[in-house]
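Here's the structure, in structure tokens; my notes come after.
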Amino acid sequence: MRSMIAQRVNEIADLAKGLPESALEELFDFAQFLKIKKQGFSYKEVADSAEYMRSLRLREGKKIKSGQMFIQELIEWQKSSS
């Protein structure tokens, strides 16, 4: 397995030697994308970035509200059990 990885790294290096600088940047960006994707990132096309950000903020806001409600319910439960 290790030698196969080393072989692939060498193949990528050989391919990169013949590429123009703009293609090297694209190759590097894609490699970073693959690394991030492996860590759980998923690519999504966004037609309207402002709308996408609004939806993210709303979704995160709901998480905070529900978390605050959960804590409030715990406090009320503790008071009723005392």
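Heads up: numbering here begins at 1 and tracks the sequence.
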Legend entry - Ala50: side chain to side chain contact (heavy atoms under 4.5 Å, CB included) partners, not counting sequence neighbours: Asp48, Arg54

Inset, instruction - Just jot down the side-chain hydrogen bond (donor to acceptor under 3.5 Å, both in side chains) partners of Gln32, sequence neighbours excluded, or say none. - result: none

Inset, instruction - Identify the heavy atoms of Ala16 and Leu27 that sit nearest to each other, and give their distance. - result: CB-CD2, 4.3 Å

Legend entry - Heavy-atom side-chain proximity of Phe28 to Leu24 below 4.5 angstrom: no

Inset, instruction - Rounded to the nearest 0.5 Å, what's the gap from CZ on Arg8 to CG on Leu15? Could you check? - result: 10.0 Å

Legend entry - Pairs meeting criterion salt bridge (charged side-chain N to carboxylate O under 4.0 Å, His left out) with involvement of residues 16-31, two or more places apart: Asp14-Lys17

